[in-house]
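All remarks here apply to the structure that follows.
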Amino acid sequence: MAPIRASDWRKLPLSLTDLCIETTLRCGQSFRWRKIDDEWNCVLYGRLLSLKQDKHHLHYKVTSTNAIPPVLTPPVSAKGEPEADGDGVGVDVDDTESLLRHYFSLKIDLTALYNQWSKSDPNFRKKAPKFTGIRILNQDPWEALIAFICSSNNNISRISQMVHKLCKYYGPLVGHIGDEAFHDFPTPQALSGKKVEAHLRELGFGYRAKYIAETARLVCEEKPEGWLESLINPENPGWCKVVTPKAAEVPTYKHAHEQLLLLSGVGPKVADCVCLMGLGWGEAVPVDTHVWQIAQRDYKFGKIKSKTFSKAMYDSVGDHFRSIWGPYAGWAQSVLFTANLKSFSEQASAKAEVVDVKVKVKVEEVGDAAAVGPLPRTRKRRQVVVTEAVKIESNTSTETVRASKRTRKTMS
DNA sequence: CCGCCACCTTACGA
DNA sequence: ATCGTAAGGTGGC
């Protein structure tokens with residue numbers, strides 16, 4: 001494909017409270033952005049994109065592309081003025097703006113959300129002012145899936161290296177900046193090769209090599225075309241229209257989560273990461289070790305004896321955060337998660353304030369009515385922990401409520 | 001269903 | 001220095 005000429009910088013009016021790329025691109029959502037000379041660079045949808053931001057604008061340009069069709073397809077009805085460059089053919093109207101609007105979910109009013117979360121949560125109100133402009137990215141679901149499989153029991157630095165290696169060895173080369181090569185993320189087919197697992201092990205992926213190879217093969221060979229995309233939140237469709245197979249069931253967050261759990265190397269946490277950052281389910285709350293610490297320290301979740309928390313505990317944390325933050329709980333979670341990251345600790349000098357919220361935890365059986373979708377093989381009893389936020393006047397007691405537990409068979 | 005524990009690798013503190 | 005531990009967990013008992 002004929003390379004288009006390097007485009008000039010364009011800009012999008014945007015305040016730092018609407019979006020802060022410095023934070024959003026570094027807080028462990030995407031592991032592919034690289035900062036070079038004050039510009040953030042990444043390949044998205046086959047095009048090498050550069051971003052920089054000042055107080056009032058997000059500046060962007062595309063330096064090279066493998067995109068098919070090329071970036072010249074005019075957007076549906078771009079509100080932005082199509083900076084005519086004078087050749088009059090209209091080929092300078094690119095759709096990169098609409099790509100960015102989608103990637104950063106700019107349709108969402110972030111300031112309104114921050115206000116809402118601050119109103120309903122004293123802890124958020126205290127922590128958030130130093131971490132404004134943090135958005136959930138609309139990433140490619142496949143990339144999110146593989147990247148977060150890499151994230152298990154791992155750190156952001158190494159995850160980034162691993163994702164970079166995947167692109168370098170299995171993704172198409174798109175362009176260079178200086179002497180640095182930029183590849184797109186590899187396709188499922190590219191990661192389905194016979195020797196992938198062994199090669200990834202050589203590259204230092206550890207036990208995740210097997211998960212990646214198995215998941216790639218499953219998606220390629222066992223699932224219909226567009227299966228992963230069929231799990232996308234219909235209210236938040238992908239940027240590229242994908243022909244999805246007839247939805248066997250109404251897409252819901254719960255259904256997407258269940259489906260992802262069937263993949264190799266995907267547990268509840270990774271499934272929620274993919275739901276939130278790849279499939280557009282804003283209510284997904286990935287509960288990792290950091291979020292669990294936050295829940296215990298700032299939201300009075302009781303200490304537990306066991307080293308790892310149970311699935312029921314996992315669900316209870318997510319349910320609790322959804323109850324106080326609402327349908328975009330995952331977005332709020334990422335703000336507090338970032339505030340809690342060590343790499344951002346210089347920003348978070350404030351000490352935790354005692355919050356007048358206490359959580360009562362009790363275990364309760366959930367019936368079939370709440371179970372979503374027919375799980376053919378793994379029909380099993382489900383047990384969840386129900387949480388209840390209770391306002392306490394000035395009581396800072398950390399008394400934990402004894403968990404009561406009942407079991408009931410729900411086999412049919 | 002709950003609680004352990006092995007699992008790859010790297011970096012950091014004691 | 002060598003070791004234990006933690007790092008955005010998952011799968012198998």
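We name chains A, B, ... by the order of the sequence lines, and we start the count at 1 in each one. Every heavy atom of this structure was used, including side-chain atoms; hydrogens, water molecules and symmetry mates were not.
The residue among A:Thr289 and A:Lys307 whose nearest nucleotide of DNA chain C is located toward the 5' end is A:Lys307. Of the residues near DNA chain C, A:Arg158 and A:Leu261, the one whose nearest nucleotide (by heavy atom distance) lies more toward the 5' end is A:Arg158. Projected onto DNA chain B by closest heavy-atom contact, A:Thr308 and A:Tyr211 fall at different nucleotides, the more 5' of which corresponds to A:Thr308.
Across all strands shown, A:Ile304 has no heavy atoms under 4.0 Å from either base or sugar-phosphate atoms. At the heavy-atom level, A:Val287 lies nowhere under 4.0 Å from the strands shown. Among the heavy atoms of the strands, none lies under 4.0 Å from A:Ser157. Within the nucleic acid shown, A:Val266 comes within 4.0 Å of sugar-phosphate atoms alone, with no base atom in reach, counting heavy atoms only. Among the atoms of the strands shown, base atoms are found under 4.0 Å from some heavy atom of A:Cys27. As judged by a 4.0 angstrom heavy-atom cut-off over every strand, A:Glu202 is placed among residues making no nucleic acid contact.
Comparing the P positions of C:dA6 and B:dC4 gives an interatomic distance of 15 Å, to the nearest angstrom. One P atom belongs to C:dC13, the other to B:dC8, and the distance between them is 15 Å to the nearest Å. On the C1' atoms, C:dG11 is 23 Å away from B:dT10, given to the nearest whole Å. Between C:dG4 and B:dC5, the distance separating the two P atoms is 16 Å to the nearest Å. On the P atoms, B:dG3 is 25 Å away from C:dG8, given to the nearest whole Å.
Counted by atom type alone, A:His164 and A:Tyr169 present zero donor-acceptor pairs between their side chains at under 3.5 Å. Defined by atom type and a distance below 3.5 Å, a donor-acceptor pair is present between the side-chain atoms of A:Trp325 and A:Asp121.
For A:Asp38, the salt bridge (charged side-chain N to carboxylate O under 4.0 Å, His left out) partners are A:Lys35, not counting sequence neighbours.
Per the geometry, CG belonging to A:Asn153 stands 11 Å off P belonging to C:dA6, to the nearest Å. At whole-Å resolution of the value, NZ in A:Lys342 and C1' in B:dG13 are 11 Å apart. When rounded to the nearest whole Å, the span between CE of A:Met313 and P of B:dC4 equals 13 Å. What separates NE2 of A:His290 from P of C:dA7 is a distance of 5 Å, to the nearest Å. Rounded to whole angstrom, the span from the CD1 atom of A:Ile149 across to the C1' atom of C:dG11 amounts to 13 Å. Taking atom CD of residue A:Gln161 and atom C1' of nucleotide C:dA7, one finds them 13 Å apart after rounding to whole Å. Protein atom CD1 of A:Ile159 is 6 Å distant from nucleotide atom P of C:dG8, rounded to whole Å. Between the CZ atom of A:Phe337 and the C1' atom of C:dA7 there is a distance of 11 Å, rounded to whole Å.
An OP1 or OP2 oxygen of B:dC8 is reached within less than 4.0 angstrom by a side-chain nitrogen or oxygen of A:Arg201.
For the pair A:Ile156 and A:Gly28, the tightest heavy-atom approach, listed with the atom from each and the gap, is CD1-CA, 4.0 Å.
Between A:Trp292 and A:Phe309, the ring-plane angle classifies as perpendicular under the 30° and 60° cut-offs. Ring planes of A:Tyr103 and A:Trp33: tilted class, angle from 30 to 60°.
Between A:Trp117 and the choices A:Phe321, A:Phe131, A:Trp331, A:Phe124, the ring pair (Phe, Tyr, Trp, His ring centres under 6.0 Å) rule is met once, by A:Phe124. Screening A:Thr23, A:Ile134, A:Asn340 for a side-chain contact (heavy atoms from CB on, under 4.5 Å) with A:Val335, the sole residue that qualifies is A:Ile134.
The listed nucleotides are B:dC8, C:dG8, C:dT10; the one nearest the side chain of A:Ser152 is C:dT10. Comparing B:dG3, B:dC2, C:dG8 against the side chain of A:Ser306 picks out B:dG3 as the nearest. Candidate nucleotides C:dA7, B:dC7, C:dG8 were compared by shortest atom distance to the side chain of A:Cys273, and C:dG8 ranks first. Among B:dC4, B:dC8, C:dT10, the nucleotide with an atom closest to any side-chain atom of A:Arg208 is B:dC8.
Both key distances under 3.5 Å define a Watson-Crick or G-U pair, and stretches of 3 or more such consecutive pairs in DNA chain C run B:3-7 with C:9-13, B:9-14 with C:2-7.
Considering only heavy atoms from C-beta on, A:Asp18 comes within 4.5 Å of A:Thr111 through its side chain.
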